[in-house]
There are 2 protein chains.
Amino acid sequence: MGSVDEMIRLFRQRGLRITPQRRAIFALLADDASHPTAEEVYQRVRQSLPDISRMTVYNTLRELVSFGELLEVETDLDRAGRYDPNTSHHHHLLCLRCHALVDVETLPDDLDIPLPDARGYRIVRSQVTYYGYCPACQQAED
Amino acid sequence: MGSVDEMIRLFRQRGLRITPQRRAIFALLADDASHPTAEEVYQRVRQSLPDISRMTVYNTLRELVSFGELLEVETDLDRAGRYDPNTSHHHHLLCLRCHALVDVETLPDDLDIPLPDARGYRIVRSQVTYYGYCPACQQAED
DNA sequence: ATGGATGCAAAGGGTTTGCAGACGA
DNA sequence: TCGTCTGCAAACCCTTTGCATCCAT
């Protein structure tokens, strides 16, 4: 997703209103690479808007996803969905111990990761998840 | 996971009992490449054992996962977990329309899909998800 | 002022837990 | 017989829905 101002423009364009809650959620996500869950977004935005409800967070996240400004990411390690403001083509690095999730850029030529047998599928895109251990967890393993 | 007999041996080895319910679940999964959800396993096994409960299905799936005989797969498209009896290293092909999930073999040399910047992570494995449209859904799109 | 947004409560889907009775070893 | 398994009910987590009130436009 883009900047707070871009999100405000987008919502206004669609006849949607700009509330303090939405503004706070935009500001939080525009500058976040941690792939927070809805609950984490709620807890963080609550520091500036203590009376915001989970519902508003869920609603705003769903709107951003439906506008293509936010990606919803599921991992094999956690049940709750996580949100990624980076909507360009990229891959993920997932820590098996602490479940930290990090974006990694794609290589220029990995848009077509070789596929031995596509079974007649028409492939649209591919996405790689690298599983491993983050620096902090490598240390902690001793 | 292996054959029904292998699963029976494994469970007995661990002091666990072989019930008709577990036998039926083993038989169903040993010969299934459709990546069923727990609910789908329940519905299918109910055809031979109408009185089985969902709980027994959930319990047995969880045991198989904990023994490393079954993989739990989450997709970005559905909320329910899906179960994969193929525990060897492989990738997935996911239909964006009907959500069919198919295994694809890895190439001999794709165990190390190039990673531009591992951020200090120690990588254990990588898994590719190809998104596209299955043959049936390509037809239906017209 | 007016219709969309908020936030409460309640419902929903998927999964886990607790426990009495059943049954495999 | 003994200890595990089954299956019911209830609880649990995450998310969505319904609705009266509120507020951005």
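Chain identifiers are assigned alphabetically (A, B, ...) following the order of the sequence lines, protein sequences preceding nucleic acid strands; residue numbering begins at 1 within each chain. Being a predicted model, the structure only gives us computed values, none of them experimental.
The residues A:Arg79 and B:Glu72 are annotated as salt-bridged, a charged nitrogen and a carboxylate oxygen being separated by less than 4.0 angstrom.
In this structure, OG1 in A:Thr129 is found 9.0 Å from NE2 in A:His91, a value given to the nearest 0.5 Å. One finds the CG atom of B:Leu71 at 8.5 Å from the CG atom of A:Asp76 (value rounded to the nearest 0.5 Å). Between the OG1 atom in B:Thr37 and the NE2 atom in B:His99 there is a gap of 13.0 Å [rounded to 0.5 Å]. Separation of atoms OG (A:Ser53) and CG (A:Asn59) is listed at 7.5 Å; rounding is to 0.5 Å.
Note on the helix from C:dA1-D:dT25 to C:dA25-D:dT1: terminal axis deviation equals 30°, with five pairs used at each end and the result rounded to 10°.
Remark: A:Ser53 is not in phosphate contact with C:dC8, judged by side-chain N or O atoms under 4.0 Å from OP1 or OP2.
Atom CD1 of A:Ile25 and atom P of C:dA5 are 12 Å apart (whole Å). Between A:Ile52 atom CD1 and C:dA5 atom P the separation is 14 Å, expressed in whole Å. Distance B:Ile8 CD1 to D:dC5 P: 14 Å, rounded to the nearest Å. The distance between atom CD of B:Glu63 and atom P of C:dT15, rounded to the nearest whole Å, is 16 Å. At whole-Å resolution of the value, CD in A:Glu74 and P in C:dG14 are 13 Å apart. If you take CZ of B:Arg14 and C1' of D:dG3, they are 19 Å apart, rounded to a whole angstrom. Look at CG on B:Asp51: it is 15 Å from C1' on D:dC5, rounded to the nearest Å. One interatomic measurement links the two molecules: CG of B:Leu61 to P of D:dG7, which rounds to 14 Å at whole-angstrom precision.
Dense packing is recorded around CD of B:Glu141, with more than 12 heavy atoms of other residues, nucleotides or ligands lying under 6.0 Å away.
For the residue pair B:Leu77 and B:Cys95, the shortest heavy atom distance occurs at CD2-O, 3.7 Å. A:Val128 and B:Val128 get closest at one heavy-atom pair: CG2-CG2, 4.1 Å.
Near DNA chain D, meaning a heavy atom under 4.0 Å from it, residues 32-41 of chain A has A:Ala38 in order of number.
Two residues are said to be in side-chain contact when any heavy atoms from C-beta on lie closer than 4.5 Å; B:Phe67 and B:Leu10 meet this criterion.
The hydrophobic clustering, which links ILVMFWY residues whose side-chain heavy atoms are closer than 4.5 Å, places A:Tyr131 and B:Val73 apart.
The ring of A:Tyr58 has its center no closer than 6.0 angstrom to the ring center of A:Tyr42.
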Nucleic acid footprint by protein, nucleotides 16-25 of chain D - heavy-atom cut-off 4.0 Å, B for base, S for sugar-phosphate alone: BB-----BBS
